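The structure appears right after this line, and notes come after that.
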Amino acid sequence: VDALFVGGNAAINDEFIEIAGREIAAGSLITQEPLPTDLDYPESIQFLNEYVARHGAPPSTPWPVYAADALNVIVAAIEATGSTDSTVLANYIRNELNINGITGPISFEPSGDRAGAIYKAYVVDENGRIVDAGGVGGFVVHAGDSTGVRPLRALFHQRRWACFSCSRSKLRRSSRR
């Protein structure tokens, strides 16, 4: 099967490229929260500097960032409520939490989704690097913004990839071979 691999949230990382090999991995697309190298929040810069100092390179997946943000959410909830009771913490996180995280401001919608989360498209280049799929400025999608999907659809159509979420492709095969 000759197909483009498209994954979400850390499906494509250095280990994926190593296992697949550069030639096979090249062109693979991923959408996820931006990597810390693509964020300019003070918390992101501090996290990235400390991570590189300890590990010698920036993370190739968002998992260390997710873990750090999750820990910061729990710490903020404990400090704000003075409690470690899970019911108290969950209520605070769902209804009151508003902190600056590594990935940007963190608060939650009534649905439980993160308010204002951003997602970015990355692609594996011919050298096996995970790079911005949209060139300068990238494709950033804000969760909960119905217009936010349009840039990703435009990217799929620009690259002539199958776009299963819109009517222009209707499960058609990608012309990329």
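All of these numbers come straight from a predicted model, not from anything done at the bench.
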For this session: Check Y66 against Q32 and note the closest heavy-atom contact, atom names and distance.
Result: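 Shortest heavy-atom contact: OH-CB, 4.3 Å.
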For this session: State, to 0.1 Å, how close V65 and T103 come at their nearest heavy-atom pair, and which atoms those are.
Result: CG1-CG2, 3.3 Å
Exercise. Tell me the ring-ring contact (aromatic ring centres under 6.0 Å, His included) pairs involving residues 23-48, sequence neighbours left out?
Worked result: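 For residues 23-48, and leaving out neighbouring residues, the ring-ring contact (aromatic ring centres under 6.0 Å, His included) pairs sorted by first residue read F47-Y51.
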Exercise. If only atom types and distance count, is the side chain of S44 paired as donor or acceptor with the main-chain N or O of D40 below 3.5 Å?
Worked result: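 No, S44 side chain to D40 backbone: no donor-acceptor pair under 3.5 Å.
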Problem set entry | Check: A68 main-chain N/O paired with N72 side-chain donor or acceptor under 3.5 Å | yes
For this session: Using a 4.5 Å cut-off on heavy atoms from C-beta on, say whether the side chain of P59 contacts that of N13.
Result: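 Counting from C-beta outward, N13 and P59 never come under 4.5 Å.
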Exercise. Within a strict 4.5 Å, meaning less than it, do heavy atoms of the T31 and K120 side chains meet?
Worked result: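 Side-chain contact under 4.5 Å: no.
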Which pairs of donor and acceptor atoms, one on a side chain in residues 88-102, lie under 3.5 Å apart (sequence neighbours left out)?
residue, atom, partner, partner atom, Å
N91, OD1, N95, ND2, 2.7
N95, ND2, N91, O, 3.0

For this session: Please assess I106 against V73 for the test side-chain contact (heavy atoms from CB on, under 4.5 Å), listing each intermediate value before the final yes or no.
Result: CA-CA 8 Å; I106 300 174; V73 164; 3.9 Å; yes
Exercise. Apart from L71 itself, what residues make up its hydrophobic cluster when side-chain heavy atoms of I, L, V, M, F, W and Y under 4.5 Å apart count as a link, directly or indirectly?
Worked result: V75
Problem set entry | salt bridge (charged side-chain N to carboxylate O under 4.0 Å, His left out) involving D125 - partner list, sequence neighbours excluded |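 Once residues adjacent in sequence are excluded, the partners of D125 under the salt bridge (charged side-chain N to carboxylate O under 4.0 Å, His left out) criterion are R129.
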For this session: Kindly write out the residues that satisfy side chain to side chain donor-acceptor pair (under 3.5 Å) with N49, not counting sequence neighbours, or none if the list is empty.
Result: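 Expected list: none.
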Exercise. Without hydrogens or angle criteria, can the side chains of R114 and S107 be said to hold a donor-acceptor pair below 3.5 Å?
Worked result: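 Side-chain D/A pair, R114 to S107: absent.
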Could you pull out all donor-acceptor pairs under 3.5 Å where a side-chain atom in residues 16-26 meets a protein atom, sequence neighbours excluded?
none

